[in-house]
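Before any comments, here is the structure.
Order of listing sets the numbers, starting from 1, for every ligand and every atom in it.
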Amino acid sequence: MKTDLQAARALLERGGRVAAFSGAGLSAESGLSTFRDPDPDALWSRFDPTELASVEGFEANPERVIEWYNWRRSRHAEVRPNAAHRALAAQPRLIQITQNVDSLLEQAGVEPERVFHLHGSILHDRCHNPACSYRESIDMHDPPPLRACPRCGERLRPAVVWFGEALPGSTWQRAEALCRRLDCLLVIGTSATVYPAAGLIELARAHGSRVIVVDPNPGAAGSQADIFLAGAAGVIVPALLDGFDLASEP
Ligand code: OAD
């Protein structure tokens, strides 16, 4: 009898278009906290997302929001890609759709244009004025306090997507278009509870894709899996991808 890992590898051996869709669990073994899992360190067990990850929260207390993101940025400055990031980077023709705002896939060697960051980037600030396009890189070791946009005077904020905000339009459209034509979606370390991003799994399935999920907890993503691989990404992903040259495009 085949193990689940062998069955997943047999699915990948069929070839066709494959893409990865990741969440916070991908970066957990690098030392970045997830948002919502049984781990008491999970960010939304310790902090209120409506205060820290919404436009209303920012407008009510911008200093507090920037302080919290800067605390996260200092943590991000310390961490390095783990074995799962490296195994994904060893598949240079694979598109990485990610909800993660870190740059660990890029640090592992994935070309930036092959990473679709659905929830933005914690490595940048942007102007809070929707009519102003000002954006700048942050020194993650020494992130600056709340400050005004040099172009229009509105406040700068992290270039991440907050609850209630739209996803970056063209990135989202490219992710949706890709998920409509996949043969296999590899889902890694996401609770699949935040929409519209989580809807990509349903979209891919509805268009005929098979779904492999890697996660220690079955959760919402596991219930949509053709093959569920229970375990840590850093262990499972290298074993799953070893020897393949997967591609998201023909
Ligand atoms: P969650 O924190 O909701 O889910 C993390 C998932 O990773 C859970 O299913 C865990 O079981 C799993 N996990 C934990 N350790 C793992 C490991 N070592 N290997 C593999 N999986 C592991 O994170 P996301 O689904 O990414 O939004 O959350 C979605 C969005 O909610 C985030 O992008 C963020 C948050 O609010 C924004 O910042 C806009």
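Shortest contact from atom 1 (P) of ligand 1 to any protein heavy atom: Ser191 OG, 3.6 Å. Among protein heavy atoms, the minimum distance from atom 33 (O) of ligand 1 is reached at His119 ND1, 2.7 Å. Atom 22 (C) of ligand 1 has Pro216 CD, 3.2 Å as its closest protein atom, hydrogens excluded (heavy atom only). The nearest protein atom to atom 14 (C) of ligand 1, hydrogens excluded, is given as Asp37 OD2, 3.4 Å; this is a heavy-atom distance. Protein heavy atom in closest approach to atom 17 (C) of ligand 1: Gly25 O, 3.4 Å. Atom 25 (O) of ligand 1 has its closest protein heavy atom at Thr190 OG1, 2.6 Å. Given atom 19 (N) of ligand 1, the protein heavy atom at minimum distance is Ala233 N, 2.8 Å.
Using a 4.0 Å cut-off to heavy atoms of Asn217, the atoms of ligand 1 that qualify are 10 (C), 11 (O). When each atom of ligand 1 is checked for a heavy atom of Gly189 under 4.0 Å away, the hits are 5 (C), 6 (C), 7 (O), 20 (C), 21 (N). The ligand atoms of ligand 1 that sit less than 4.0 angstrom from a heavy atom of Phe163 are 36 (O). Close approach of ligand 1 to Val161 (heavy-atom distance below 4.0 Å) involves ligand atoms 37 (C), 39 (C). Listed by number with element, the atoms of ligand 1 under 4.0 angstrom from any heavy atom of Glu29 are 17 (C), 18 (N), 19 (N). Near Gly23, the atoms of ligand 1 lying under 4.0 angstrom from a non-hydrogen atom of the residue are 26 (O). Against a heavy-atom cut-off of under 4.0 Å, Ala28 is close to the following atoms of ligand 1: 15 (N).
The N/O atoms of Ala24, backbone and side chain alike, include one that comes under 3.5 Å of an N/O atom in ligand 1. At a 3.5 angstrom cut-off on N or O pairs, Ile188 does not count as close to ligand 1. On a distance-only criterion, Asn100 and ligand 1 share no N/O pair closer than 3.5 Å.
By the 30° and 60° cut-offs, the orientation of the rings of Trp68 relative to Trp44 is parallel.
Of the charged side-chain nitrogens involved, at least one lies within less than 4.0 Å of a carboxylate oxygen, so that Glu165 and Arg157 count as a salt-bridged pair. A salt bridge does not link Arg9 to Asp4: none of the charged side-chain nitrogens sits closer than 4.0 Å to a carboxylate oxygen. Between Glu136 and Arg147 there is a salt bridge, with a side-chain nitrogen of the basic residue lying less than 4.0 Å from a carboxylate oxygen of the acidic one.
Proximity of Val194 to ligand 1, defined as any heavy-atom pair under 4.0 Å, is confined to the side chain (atoms from C-beta onward).
Counting heavy atoms from C-beta outward, Asn61 and Glu63 have side chains that approach closer than 4.5 Å.
Of the residues listed (Leu186, Val187, Thr190, Leu5), the one engaging Val214 in a side chain to side chain contact (heavy atoms under 4.5 Å, CB included) is Leu186, and it is the only one.
Heavy-atom separations between Asp215 and ligand 1 include at least one value shorter than 4.0 Å.
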